[in-house]
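Worksheet for the structure shown next.
Small disclaimer: the values here were computed from a predicted structure and weren't measured.
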Amino acid sequence: MSAPAIRGWCPGAHRPMQSVDGLVVRVRPPLGALNADQARGLADLSDRFGNGLIDLTNRANLQLRGVTQAGHAPLLSELERLRLLDDSITEGRRNIVIDPLRDTGADDPQARIAAALAEGMRSPDFAALPSKFGFVVDAGEQRRLDGISGDIRIEASGTRLIVRADGCDRGVSARGATQAADLALAMTRWFIASGGVKTDGRGRMARHLAGGATLPAPLSGTLPPNTTAPQAQPGPQPTGLLVAAAFGQLTPDDLRLLADPGASALRITPWRMIFLPGLTERDKLQDHPTLLTDPADPLLRVHACSGAPRCPQASVATRALARDLAAHLPVGGELHVSGCSKGCAHPHPAALTLVGRDGAFDLVSAGAPWDEPIRSGIDPRNVTDVITG
């Protein structure tokens with residue numbers, strides 16, 4: 001397979017990424033949540049300045065697609081009005097994912113940790129930090145974000161907070177939210193000072209430690225994190241309603257609908273779902289074609305990137321085919337339809353993976369998009385017959 005172009009950075013609001021359908025502008029909601037006015041405002045901005053497609057990312061952010069060069073500056077002004085815009089320096093560093101299903105109660109220590117990290121990232125000490133370097137705040141009785149990439153993880157061991165470097169199986173104890181954030185920032189300073197950032201500007205904690213770097217004693221602990229929770233599924237949760245978006249993408253009307261039911265916030269998750277705390281009824285969403293609240297919906301087991309013509313790397317259309325094939329999936333089966341061998345929508349093995357190449361599809365069984373196919377050059381018109389035959 002031909003090697004697609006791989007970028008070493010993520011888009012932002014100030015630094016959007018160019019795609020075939022225009023600029024991709026990433027919005028990082030403070031503490032991973034939108035209020036109803038912000039959600040409706042963002043939907044309006046997608047209509048005004050984008051092409052009406054809003055991505056949910058695996059970093060718990062949103063992306064407006066199809067923004068023009070001329071529309072970029074006024075879009076930034078509107079995002080600032082909605083309090084959804086960092087300054088140009090901070091936005092590349094505020095890469096924080098926080099447990100969206102946490103029960104805030106009278107206090108929200110995880111939110112306080114995330115807010116302290118975001119404030120700390122404003123320091124010039126972190127100017128050299130790679131844009132993909134991230135933090136995960138996952139300090140509940142069970143870890144819900146175990147599968148989410150993060151270089152420094154603030155978790156719990158029993159009822160105690162710990163700070164753990166990715167690549168270590170144990171963390172250092174912290175006395176409360178403030179010290180947890182301080183330890184995470186200190187660990188970040190050590191990462192930079194000890195050569196974790198390479199000459200190309202990239203660097204990840206686990207790779208740095210695997211290469212021989214050793215955490216100093218004050219940042220190295222002996223406490224194991226709590227156990228991992230089962231994978232979150234759409235539908236009613238103990239503290240609210242979890243709504244999945246088919247293929248991880250919303251329309252402005254989808255976002256407006258989610259802002260209407262009366263939830264206290266729309267928490268953006270790294271699972272391409274939105275959590276509506278305090279809401280349990282799903283009547284308005286019961287039969288929605290793309291907002292999914294039934295964990296048995298086969299669309300939840302289908303991954304598909306935006307495909308051609310929206311992505312310059314793709315030579316095949318993906319979404320319509322993926323939707324058609326969902327109805328043919330066996331119970332428990334998983335399908336990935338990838339426009340190219342990068343596998344952006346699902347960079348992991350799947351039971352069946354269709355990979356676009358030169359206008360046709362290759363079929364990979366029990367593998368990832370870059371693995372050896374069992375069949376090549378399938379005409380898009382014949383894919384359904386091949387999969388179901």
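Hydrophobic cluster membership is shared by Phe49 and Val25, with clusters built from Ile, Leu, Val, Met, Phe, Trp and Tyr side chains linked at under 4.5 angstrom. Leu185 and Val172 fall within the same hydrophobic cluster, where Ile, Leu, Val, Met, Phe, Trp and Tyr residues are linked whenever their side-chain heavy atoms come under 4.5 Å apart, directly or through other members. Cluster annotation: Leu56 is connected to Leu291 through the hydrophobic network of ILVMFWY side chains, with a link wherever side-chain heavy atoms come within less than 4.5 Å. In the hydrophobic cluster analysis, where Ile, Leu, Val, Met, Phe, Trp and Tyr join through side-chain heavy atoms closer than 4.5 angstrom, Leu219 is grouped together with Ile192. A single hydrophobic cluster is seen to contain both Leu82 and Ile274, as judged by linkage of ILVMFWY side chains at heavy-atom distances under 4.5 Å, directly or through other members.
Not a single donor-acceptor pair under 3.5 Å links the side chain of Arg170 to the backbone N or O of Pro225. When atom types are taken as modelled, the side chain of Glu91 and the backbone of His14 share a donor-acceptor pair closer than 3.5 angstrom. Side chain of Asp385 to backbone of Asn382: no donor-acceptor contact under 3.5 angstrom is found. Distance alone, capped at 3.5 Å, is enough to place a donor-acceptor pair between the Gln110 side chain and the Ala139 backbone.
Only one option out of Leu285, Leu250, Val243 pairs with Leu257 in a side chain to side chain contact (heavy atoms under 4.5 Å, CB included); it is Leu285. Exactly one of Leu34, Leu42, Asn61 qualifies for a side chain to side chain contact (heavy atoms under 4.5 Å, CB included) with Val27. That residue is Leu42.
Residues Gln38 and Leu79 have side chains not in contact (no heavy-atom distance under 4.5 Å, counting atoms from C-beta outward). With contacts defined as side-chain heavy-atom distances shorter than 4.5 Å, the pair Pro252/Arg256 qualifies. Within the 4.5 Å cutoff, no side-chain heavy atoms of Thr227 are placed close to those of Arg143. Residues Val355 and Ser341 form a side-chain contact, since some pair of their non-hydrogen atoms from C-beta on lies under 4.5 Å apart. Pro373 is listed as a side-chain neighbour of Val364, based on a closest heavy-atom distance under 4.5 Å. You'll find the side chain of Ser131 stays beyond 4.5 Å of the side chain of Asn95, heavy atoms only. At least one side-chain heavy atom of Leu183 sits less than 4.5 Å from a side-chain heavy atom of Gln179. Side-chain atoms of Cys344 and Cys311, non-hydrogen and from C-beta on, never get closer than 4.5 Å to each other.
Salt bridge status for Asp151 with Lys132: absent, with no side-chain N to carboxylate O gap under 4.0 Å. Salt bridge status for Asp125 with Arg189: present, with a side-chain N to carboxylate O gap under 4.0 Å. Using a 4.0 Å cut-off between charged nitrogen and carboxylate oxygen, Arg65 and Asp55 count as a salt-bridge pair. Note on Lys198 versus Asp200: no salt bridge recorded, every NZ/NE/NH1/NH2 to OD/OE distance being 4.0 Å or above. A salt bridge between Asp87 and Arg122 is present, with a side-chain N of the basic residue lying under 4.0 Å from a carboxylate O of the acidic one.
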Next item on the list: List the steps, then state whether side-chain hydrogen bond (donor to acceptor under 3.5 Å, both in side chains) holds for Gln231 with Arg144.
Entry: CA-CA 7 Å; Gln231 175 65 46; Arg144 295 189 178 98; over 6 Å; no

Next item on the list: List the steps, then state whether side-chain hydrogen bond (donor to acceptor under 3.5 Å, both in side chains) holds for Arg204 with Ser149.
Entry: CA-CA 10 Å; Arg204 302 304 299 266; Ser149 173; 2.9 Å; yes

Margin query: As a quick check of understanding, evaluate side-chain contact (heavy atoms from CB on, under 4.5 Å) for His72 and Leu23, giving each step before the final call.
Written below: CA-CA 8 Å; His72 183 227; Leu23 299 177; 4.1 Å; yes

Check: Which is it for Asp166 and Arg207 under the salt bridge (Lys or Arg N to Asp or Glu O under 4.0 Å) test, yes or no, and what are the steps along the way?
Finding: CA-CA 9 Å; Asp166 190 39; Arg207 190 177 305 129; over 6 Å; no

Notebook entry, point to check: Arg28 and Asp86: salt bridge (Lys or Arg N to Asp or Glu O under 4.0 Å), yes or no, with the steps?
Noted result: CA-CA 8 Å; Arg28 293 174 167 86; Asp86 287 312; 5.8 Å; no

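Cluster partners of Ile374, using a side-chain heavy-atom cutoff of under 4.5 Å among ILVMFWY residues and allowing indirect links, are Phe247, Leu292, Leu299, Leu300, Val302, Val316, Leu321, Leu325, Leu329, Leu335, Val337, Leu352, Leu354, Phe361, Leu363, Ile378, Val383, Val386, Ile387. Under a 4.5 Å side-chain heavy-atom criterion applied to ILVMFWY residues, the cluster that includes Leu101 comprises Val97, Val136, Leu145, Ile148, Leu242, Trp271, Met273, Phe275 as well.
Remark: Leu266 CG to Asn35 CG distance equals 8.5 Å, nearest 0.5 Å. Put simply, NE2 on His348 and NE2 on His303 are 8.5 Å apart, with the number rounded to the nearest 0.5 Å. The CD1 atom of Ile154 lies 10.0 Å from the CD1 atom of Ile162; values are rounded to the nearest 0.5 Å. Separation of atoms CZ (Arg40) and CG (Leu45) is listed at 13.5 Å; rounding is to 0.5 Å. The CZ atom of Arg93 sits 8.5 Å away from atom CZ of Phe126, with the distance rounded to the nearest 0.5 Å. A distance of 12.0 Å separates OG of Ser46 from CD of Gln63, quoted to the nearest 0.5 Å.
At most 12 non-hydrogen atoms from other residues, nucleotides or ligands lie less than 6.0 angstrom from CZ of Arg160. Within 6.0 Å of the CD atom in Gln142, the count of heavy atoms belonging to other residues, nucleotides or ligands exceeds 12.
Remark: aromatic rings of Phe133 and Phe191 are close, center separation under 6.0 Å.
Aromatic ring pairs are classed by plane angle as parallel below 30°, tilted from 30° to 60° and perpendicular above 60°; the pair Trp190 and His208 is tilted.
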